[in-house]
Amino acid sequence: MTKTVVVVGTQWGDEGKGKITDYLAQSADIVARYQGGNNAGHTIEFKGKQFKLRLIPSGVFSAEKVILGNGMVINPESLLEEMAYLNEEGVSTDHIRVSNRAHVIFPYHIEIDGLQEELKGDQKVGTTKRGIGPCYADKYARFGIRIGDMMDKETFAEILKENIEAKNRLLARHGKPTFNFEELLEKYSAYAKQISPYVTDTSYELDEAFKSGKKVLFEGAQGVMLDIDHGTYPFVTSSNPSAGAVTTGLGVGPTKIEEVIGVVKAYSTRVGEGAFPTEIEGPNADRIREIGREYGTVTGRPRRIGWFDSVVVSHTRRVSGLTGISINLLDVLSGIDTLKLCTAYELDGKEIKFVPSTIREFERCKPVYEEMPGWHEGITGVSSYEELPVAAQNYLRRIEELVGAPIAIFSVGPDRDQTILMKQLF
Ligand code: IMP
């Protein structure tokens with residue numbers, strides 16, 4: 001029986017990973033996140049209520065333990081706010097574990113995020129302005145502050161002082177507000193105290209869990225097209241949403257990964273800037289945006305809409321080693337006469353079936369489409385593949401063929417009950 005499943009986004013994020021993770025978490029003992037921070041936004045419907053989470057894994061509602069791994073960047077203020085929000089709604093947070101090796105987002109990271117976007121002008125990334133990039137930059141420059149460092153006030157004070165001095169010099173040079181060391185030290189030491197009961201060596205905890213035969217769900221945030229290595233660089237996030245990052249972002253070996261489920265939207269969306277070959281505007285885009293509630297969970301920005309792009313999802317299948325796909329939001333496509341699927345790109349007169357490495361080339365890619373008849377029936381009530389209209393079945397099968405990975409799940413609405421399992425996981 002499968003003991004570990006990774007859930008990754010296969011497009012530009014917002015594929016509905018929260019829903020699928022929440023669904024699979026019902027059968028998992030532990031849910032662990034391996035990258036990103038409060039740039040993510042998951043919407044989960046639980047007991048008739050809608051929850052919006054950013055930092056805490058979606059499995060918080062049912063798993064026996066949820067882990068925020070070392071590969072994440074953690075804003076302590078947001079973490080505590082999110083915990084308080086869950087507690088107010090009657091959801092316990094006692095089972096949360098935070099890696100002592102995760103890096104901490106400070107207010108200067110957020111300020112620098114905004115400054116960098118400003119300096120980039122029309123080349124801006126369109127970040128969520130949560131300080132994600134600058135925090136990861138400090139990590140890789142070996143200048144960052146980790147959760148564990150905050151636990152000892154003396155060590156913390158020493159590193160924070162150095163950091164604030166350097167950041168203040170940069171911010172002052174650009175006429176931006178600077179930060180007071182004592183104030184930040186007091187504030188963040190208080191946060192550290194509040195967080196300390198949850199802080200631990202999460203790699204050790206996972207190892208113990210494996211030894212006792214627990215089932216673990218690894219939850220990715222964002223999507224592979226936003227991956228710092230495999231996405232549409234530089235219009236990407238600063239971590240690796242790809243499945244490989246499970247190993248480094250949680251301190252588990254690659255041999256521990258069994259199933260990798262790629263969450264796929266039945267169409268495509270993107271927030272922020274950057275090339276998007278299958279982007280559409282007009283009535284079909286507006287219809288999909290409204291029915292699919294395609295507005296950012298974190299920033300509320302309307303998402304850009306496009307047809308399903310199999311070149312993108314094949315790319316993700318390859319770089320994340322997908323063993324199955326979960327097709328979400330299929331119901332949103334009901335009522336469209338003709339659906340288009342992108343099967344290749346035309347780049348400078350040549351047909352290609354891969355995502356080019358540079359954004360300049362990607363911007364020149366023109367989608368090659370195949371058309372399929374749509375369906376007009378509402379499908380939000382179906383509970384099996386056989387109940388789907390034939391056109392919808394054909395659409396799913398074609399996606400499966402084009403991507404090269406079997407359908408493990410499809411989803412026809414936001415509720416847990418609107419999730420149809422085609423392959424037993426866990
Ligand atoms: P950052 O992660 O805030 O640095 O933003 C970098 C890019 O990733 C921007 O285009 C964001 O819109 C995008 N992004 C970050 N997190 C998410 C997410 O959870 N869903 C969709 N897009 C995201």
Side-chain angles (χ1 to χ4, degrees), residues 7-21 33-44 52-58 68 71-75 78 82 103 105 107 109-120 122-140 219-242 245 249 262-265 267-276 279 289 292-306 312 316 328-329 359 362-363:
V7 172
V8 292
T10 62
Q11 291 148 319
W12 282 275
D14 310 315
E15 299 90 352
K17 288 179 300 296
K19 185 199 152 163
I20 298 304
T21 320
R33 230 187 108 174
Y34 53 93
Q35 44 76 230
N38 61 332
N39 48 347
H42 324 288
T43 308
I44 305 120
K52 287 185 193 290
L53 296 178
R54 291 171 182 182
L55 205 44
I56 297 176
S58 321
L68 279 71
M72 291 184 67
V73 284
I74 294 174
N75 179 328
S78 307
E82 226 168 85
H103 280 250
I105 298 181
H109 289 128
I110 298 170
E111 199 60 51
I112 293 170
D113 199 347
L115 170 66
Q116 285 175 342
E117 286 284 89
E118 217 177 287
L119 294 175
K120 284 184 177 158
D122 60 4
Q123 286 305 302
K124 72 178 194 303
V125 177
T127 73
T128 59
K129 301 219 176 117
R130 296 296 191 275
I132 306 292
C135 183
Y136 275 117
D138 278 355
K139 167 176 172 172
Y140 288 103
E219 172 175 338
Q222 289 90 40
V224 175
M225 292 309 280
L226 290 171
D227 187 288
I228 186 94
D229 287 280
H230 301 291
T232 46
Y233 192 88
F235 298 100
V236 290
T237 191
S238 298
S239 65
N240 292 108
S242 303
V263 186
V264 180
K265 222 172 234 188
Y267 44 93
S268 310
T269 61
R270 179 164 197 177
V271 277
E273 311 302 318
F276 183 11
E279 183 167 18
R289 188 177 299 109
R293 294 183 283 175
E294 295 295 358
Y295 294 88
T297 318
V298 176
T299 57
R301 290 179 285 182
R303 294 180 184 141
R304 298 158 66 193
I305 310 286
V312 159
T316 347
N328 283 8
L329 293 129
I359 200 72
F362 197 47
E363 274 164 357

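We count ligands from 1, going down the list as the structure has it; atoms in each ligand are counted the same way.
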Identity and separation of the nearest protein heavy atom to atom 19 (O) of ligand 1: A40 CA, 3.2 Å
Ligand-side contact atoms (ligand 1) for residue partner W12, heavy atom cut-off under 4.0 Å: 21 (C), 22 (N)
Min heavy-atom dist F235 to ligand 1 below 4.0 Å: no
Heavy-atom proximity to atom 13 (C) of ligand 1, best of L226, D113, V236, T237: L226
Backbone of R54 reached by a side-chain donor or acceptor of E82 within 3.5 Å: yes
Beyond-backbone contact of Q123 with F235, side-chain heavy atoms, under 4.5 angstrom: yes
Lys/Arg-Asp/Glu bridge criterion (N-O < 4.0 Å) met for E219, R33: no
D14/R303 ion pair, N-O < 4.0 Å: yes
Distance, nearest 0.5 Å, that separates OG1 of T127 from CD1 of I132: 8.5 Å
Numbered atoms of ligand 1 (with element) below 4.0 Å of V125, judged on heavy atoms: 6 (C), 10 (O)
Non-neighbouring partners of Q11 that pass side-chain hydrogen bond (donor to acceptor under 3.5 Å, both in side chains), sequence neighbours left out: none
Closest to atom 4 (O) of ligand 1 (judged by heavy-atom distance), picking from T127, V73, N38, I228: T127
Whether G126 lies under 4.0 Å from ligand 1, heavy atom: yes
Selected option - heavy-atom contact closest to atom 21 (C) of ligand 1, from D14, N39, T128: D14
Option with minimal heavy-atom separation from atom 18 (C) of ligand 1, where the choices are K17, R270, E15, Q222: Q222
Ligand 1 atoms in contact with R301 (distance to a heavy atom under 4.0 Å): 12 (O)
Distance-only donor-acceptor check, side chains D138 and H103, under 3.5 Å: no
